[in-house]
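All values below come from the heavy atoms of this structure, side chains included, with hydrogens, waters and symmetry mates left out. Labels below follow one simple rule: chain letters A, B, ... track the order of the sequence lines, proteins then strands, and each chain is numbered from 1.
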Amino acid sequence: MLLAILLTLVVGPPLVAWLARFGRLNAAWGAGAVTLAAAYALWPALQGAMAGETQLQRIAWLSAQGLDLHFRLDGLGLLFVLLILGIGLLVILYARYYLTSRDSMGRFYAYLLLFMGAMLGVVLSENLIQLLIFWELTSLASFLLISYWQGRSDARNGARMALAITGAGGLALLGGFLLLGEMAGSYELSVVLASGESIRAHPLYTPMLVLILLGVFTKSAQFPFHFWLPNAMAAPTPVSAYLHSATMVKAGVFLLARLFPALSGTPEWSWLVGGAGLVTLLVGAVVALFQHDLKGLLAYSTISHLGLITLLFGIGTPLAAVAGVFHIINHATFKASLFMAAGIIDHECGSRDMRYINGLWKYMPHTAILAIIASAAMAGVPLLNGFLSKEMFFAEAVGAATQLRLGWLLPAAVTLAGIFAVAYSLRFIHDVFWNGEPIGLDRTPHEPPRWMKVPVELLVILCLAVGIFPSYVVEPLLRVAASGVLQGPMPSFSLALWHGLSPAMWMSVIALVGGISLYIARAPLFEIYARLAERPGMYRRAHHLLERLYLWAGAVTRLSTPERLPHMALWVLLFAMTLALTGALQAGAELQGGRTLLPMDLLGVVTTLVLALAAIATVLLYRQRLVALTLLGAVGLVVSLIFVRFSAPDLALTQLSVEVVSIVLLLLALYFLPQQESRATSPWVVRDLLIALLAGIGMALLTFAVLSREGQSISGFFLEQALPGGGGANVVNVILVDFRGFDTLGEITVLALAALGIYGMLDGIKLQGPEADSDGRRWDPDLYPPVVATLSRLLLPLALLVSMFILMRGHQLPGGGFIAGLITAVALVMQYLANGVAWTQARLPRNHHWLITLGLSLATATGLGSLLFAHPFLTSTFQHLHWPLVGDFELASAMLFDLGVYLVVVGATLLILVNIGLMHRESHTPLTDAEEEV
Amino acid sequence: MLSVALTLALAMVALALALSLWRLMRGPSTPDRILALDTLYINTIALLVLFGIRQQSQIYFEAALLIALMGFIGTLALCKYLLRGDIIE
Amino acid sequence: MELLYAFSVGLLTACGVYLTLRGRTFPVVLGLTLISYAVNLFLFAMGGLLPGRAPILSEVGTEYADPLPQALVLTAIVIGFAMTAFVTMLALKARAEDGHDGVDKEAPR
Amino acid sequence: MNPLIEALLALLVLLGAAFTLVGSVGLVRLPDFLSRLHAPTKSTTLGVGSLLIASGVYFSQGDTLSLHELLVTLFLFITAPVSAHLLARAALHLGLPTRAAPPAVGEPRDGVRS
């Protein structure tokens, strides 16, 4: 089951979209193939289900949260799978002819498969939460499908409305499911279905029911949530045929059927479900008659039929449930075929308005016959499937009336609905195929391509077959499905055409006769309706509500996110500070912990003093940017001193190198920026100072609280294991390249990404540096003072020596890949500074991408290497060596990894600095410049 | 004897540090500040060396080494900026 | 000593925050750098302050400074540089496209 | 430790520190940039040099020879003149006054002929 869903939901869409690039029709074939594959994958399970067993398939996922991927296939599931895949196939075939060359087939079929997969997920879910996820997926997929013609505003609005309504319903459903799960003690359907008694007895039964029903009603367009469906008719007709006849709207009733054993049988159930069903049945039937749009008529008749099914489940007797399932099948068949016929007519006439398309019998008799049979089935004419289920429905209505002591009301109401059903079916036939000549069509309609009719034909044949030989064609499936619904003993029923002169029989007769006469005498009714229809309908109101909602949302967003970035930053800061403050207050611990503090000494005082003064000076003089930069350098220096002082030599080294690299970077940037800032002080200085002070004080207190406490750390392990496990005495480095090597791998990847991102941003950037400094003084003409050039060349080997040294011993003494990499990068940058790009790039690798690549692959390879020896990723092994002069020293595979780190750091740093440095050339192309100058 | 000398020396170097900072903040010209920064770097080297002797550990020397290198490059970059504006060309 | 340390962290944070709240890109970059100093020091403080106890294993050594925060901070410093570079690049891009060095689309006052 | 060596070390250390201090004092006290330039680049470098010698001696007890100091010294003695050279160039380029008036009161204006 999982396989089928994966095929349609995950594999299918991208595959189809991809296929579409090699000719649009491939998309159709691909979609068909995927569907068949899914059917094939499900086939054994389906057979099992047909034999009446319930199959479960569990894939452990979040078992702790009671969330597993858990699938279930029983009779009901079987029925729906058949509907989804069968009608799905037909729709795919049909759409291949329906879509014009302007429509992207890849997109269409991708969405369609997405929806198909989601729908399969819904009907195959054993776990309620999982079911809900797929449920929401169907909403999303249908949104995409309805808004397929994105250019049309009605499509967009219709889609948005559908999503809003069904989405809201989904939310309610979630609440309902959570309650239900709590009541049943599990989200597994089997448990829920088994514990119907306790659920119905539970005090929270009613709210839970209401919530779930909200979900159901919104999904299958029950009154008063029915209005989204007609507006979803802006979708391409195949979509309507699939979603709005066979599958999506049926998801709601599917859920009714699914939870029938658990929830039904209470007065609340009967009144809520039955009531909604009855009203929907009537409203849909009545309104359908007055639609001029073909698809509009079909949409409202769909609503009405869904109401009928809902009412049947509401009645709640086993037999009613059977009838409901039966009508699900029948409605799917004839309504799908009707939609397709309507699509053909639309396709051939370029219009769907029944006031203009008349007398098509002459032009497309074949289609006409199909449509006539289908709509006859919809009307419930004998010898057609619609008749059978409708008669069962009438019988159930009568029975329920006697139960619920409604007297003649219920039968009368449903008969009235039947009358209207006959009337609108009749209108569909007569108004379209006779009733004069077509009016003002831009083309003369004719029969569609052969294969476009095939799906319709198949469905119509099905209608006939079911209608004439029900017991052979449909009864087995019906029994299996119904038993899946009831989860219990089947009521006895017989699918025969003739049950004798039962009240149901008379009701059918009345419906037929009344319907015909109603249609003949329709003119005055149309006028009345036209007058009524001028009042804004439900859809209009809901639409306005939605619009207002979006306006509010926009306002809130604007309110919460100010235009100016500093203000945004301010808000973030304030929020963080309030959080911290509340946390601190709740903790209510002493500020100073028990740890004995270190004595202050002169050095500490002086360094702190230097740090403080430098930092403050940076802030005071930040307008003179170069000055601020030098002061920042001092700050960095002192920070690294602090690291040295508190025994973190590696940090000190890194800090120092990064310090200089940053200064170079900022100088490069400063060249393109104003040197000074106007003295104009922003009005927020005081406020910002206040915030800054608060933040500082907060941090200071926090730091002190931390420092004055003894904290236990997991480092004991690292300290013990460093030598035996990692073969290194420098624990920090061992942690980096060995114990937490995976993190380091991630970090160098980030570094590489940042570098590449910067390189990408440099592309096509236009910035001209000034020709003279801020005082209008021309630049010094002497590019590379010889003294500097020569001596820095002299320094290069020394620096490289140092960096190699640091890299080698990194595992044992302070150092390692990061630091060595930075030193090398700085040494090379020094050449760029002193000798210029041309000189340097003539002697050095010009593009640094390959350095990064090499480093990353080396690091990864080292990690993978350990896999070869069946160790986990990045397991290190080491070997003691004795090198003269360097001393006793060991070669750990982790050092290869460190080499990778080294390469990445060098590459990234150089890539960033050099390319920013070369930016102000017209288009930044370091390589060619270099060649020019060499 | 040595420890006394070390303490004295540390005090002197610390004072030197403070003085260099004063020039760094005071200016008045940018070269002054750059010079001050350079001096600050070198003072730090002195500090580290003294520290190493006092702690009797050599792990401070890499830091000293790096400061020597980095301080120079910082100065180089800053001066180049004053002279040419565009430091990598 | 802890007091001094805490004071330094607080001060760096304060200066950084103030500069970050300025309306132009360059001070913001400076501010971010200062803040990253503060944060690195803060993270480093998690291991406590132990002078002269570098986590370099030796025969004589018994007590060592906590190496874990150091490892974290070390990478944090490098990544911090990458991020600074990225922000700087963004600043330059904005400068090239908006023609001013304000952090917002419209020029700062 | 051999008292003679210790005395020598103490002397070197104090000498170095003194030179360093003098350098910074000069940096602060001297009237104009070009003269200020002399103080640190010479005196301080020398001071650090002697400190390095001290530590070299100190750590070269017994048979092992400590090489780091040599490296550091090498770096310093290569870089110091270059820095000085560059700074002088910058000063000339900016046309800084050779005889500075006492530092202007108030906000210093950088990189500008005063």
Side-chain angles (χ1 to χ4, degrees), chain A residues 602-603 606-607 609-610 613-614 617 621 626-627 629-631 633-634 637 640-641 644-645 649 652-653 656-657 659-660 663-664 667-668 670-671 769-770 772-773 779-780 782-783 788 792 795 798-799 802 806 813-815 819 823 826-827 829-830 832-834 836-837 913-914 916-918 920, chain B residues 7 10-11 13-18 20-22 24-30 32-38 40-41 43-44 47-48 50-52 54-55 57-89:
Chain A
L602 176 79
L603 203 59
V606 172
T607 41
L609 191 73
V610 173
L613 291 178
L621 303 180
L626 191 54
V627 178
L629 205 50
T630 41
L631 287 160
L637 183 63
S640 54
L641 256 182
V644 169
R645 182 72 200 287
L653 299 180
L656 280 167
S657 331
E659 188 53 40
V660 168
I663 288 188
V664 173
L667 282 175
L668 284 168
L670 192 52
Y671 178 52
D773 68 15
W779 297 122
D780 183 351
D782 187 353
L783 273 81
V788 185
S792 48
L795 270 179
L798 278 175
V802 171
I806 294 253
L813 290 163
I819 303 163
I823 299 176
V826 168
V829 167
M830 174 168 66
Y832 281 94
L833 292 177
V837 175
L913 292 182
V914 173
I916 293 185
L918 294 170
H920 70 297
Chain B
T7 328
L10 273 173
V13 174
L15 184 56
L17 214 61
S20 317
L21 182 74
W22 185 84
L24 176 59
M25 291 162 63
R26 194 74 184 78
S29 70
T30 317
D32 273 306
R33 300 180 194 268
I34 301 175
L35 178 59
L37 185 61
D38 195 53
L40 212 56
Y41 272 96
N43 292 341
T44 322
L47 203 60
L48 287 177
L50 289 173
F51 224 73
R54 195 165 91 172
Q55 303 279 346
S57 91
Q58 289 179 290
I59 64 166
Y60 299 97
F61 277 115
E62 281 63 38
L65 205 57
L66 242 58
I67 294 179
L69 179 60
M70 299 301 167
F72 169 63
I73 291 167
T75 318
L76 172 56
L78 285 163
C79 292
K80 186 92 192 285
Y81 184 80
L82 279 185
L83 289 167
R84 295 283 314 161
D86 181 15
I87 62 176
I88 290 185
E89 56 190 343

query: Where on B:A36 is there a heavy atom nearer than 4.5 Å to chain A: the side chain, the backbone, both, or neither?
result: neither
- prompt: Side chain, backbone, both or neither: which part of B:L48 has a non-hydrogen atom closer than 4.5 Å to chain A?
  reply: side chain
- line: Interface check, chain B: of A:L798, A:L668, A:L795, most non-hydrogen pairs under 4.5 Å belong to A:L668
field: CG-CH2 distance between B:L82 and A:W779, expressed to the nearest 0.5 angstrom
entry: 8.0 Å
- line: Taken to the nearest 0.5 Å, the spacing of A:T630 OG1 from B:L78 CG works out to 6.5 Å
- prompt: Given a strict heavy-atom distance threshold of 4.5 Å, which part of A:V610 is in contact with chain B: side chain, backbone, both, or neither?
  reply: both
query: If you count heavy-atom pairs under 4.5 Å with chain B, which of A:L609, A:L637, A:V606, A:V788 comes out on top?
result: A:L637
- prompt: How many angstroms lie between atom CG of A:L603 and atom CZ of B:F51, to the nearest 0.5 angstrom?
  reply: 5.5 Å
From A:L631 atom CG to B:L37 atom CG, the distance as rounded to the nearest 0.5 Å: 8.5 Å
Most chain B-contacting option - heavy-atom pairs closer than 4.5 Å, from A:V664, A:L613, A:L629: A:L613
- prompt: Between A:A617 and chain B, which part of the residue has a heavy atom less than 4.5 Å away: side chain, backbone, both or neither?
  reply: side chain
Toward chain B, the part of A:L602 with a non-hydrogen atom under 4.5 Å: side chain
field: B:E62: salt bridge (Lys or Arg N to Asp or Glu O under 4.0 Å) partners, not counting sequence neighbours
entry: A:R809
message: To the nearest 0.5 Å, what is the distance between CD on A:E659 and OH on B:Y41?
response: 5.5 Å
- prompt: Non-hydrogen atoms of chain B under 4.5 Å away: do they reach the side chain of A:L626, the backbone, both or neither?
  reply: side chain
message: Can you tell me how far apart CD1 (B:I87) and CD1 (A:I663) are? Round to the nearest 0.5 Å.
response: 10.0 Å
- line: Cut-off 4.5 Å, heavy atoms of chain A, and the answer for B:Y81 is both
query: Which bit of A:L656 is near chain B, if near means a heavy-atom gap under 4.5 Å: side chain, backbone, both or neither?
result: both
query: Using a cut-off of under 4.5 Å for heavy-atom pairs, which of A:A614, A:A827, A:A634 has the most such pairs with chain B?
result: A:A634
message: Under 4.5 Å from any heavy atom of chain A, what part of B:L83 do you find: side chain, backbone, both or neither?
response: both
- prompt: Is the backbone of A:A834 close enough, under 3.5 Å, to the side chain of B:K80 for a donor and an acceptor to pair up by distance?
  reply: no
Under 3.5 Å donor-acceptor pairs involving side-chain atoms of residues 65-73 of chain B, not counting sequence neighbours:
none

Part of A:L670 within contact of chain B (heavy atom distance under 4.5 Å): both
message: For A:L833, which atoms come within 4.5 Å of any heavy atom of chain B: side chain, backbone, both, or neither?
response: both
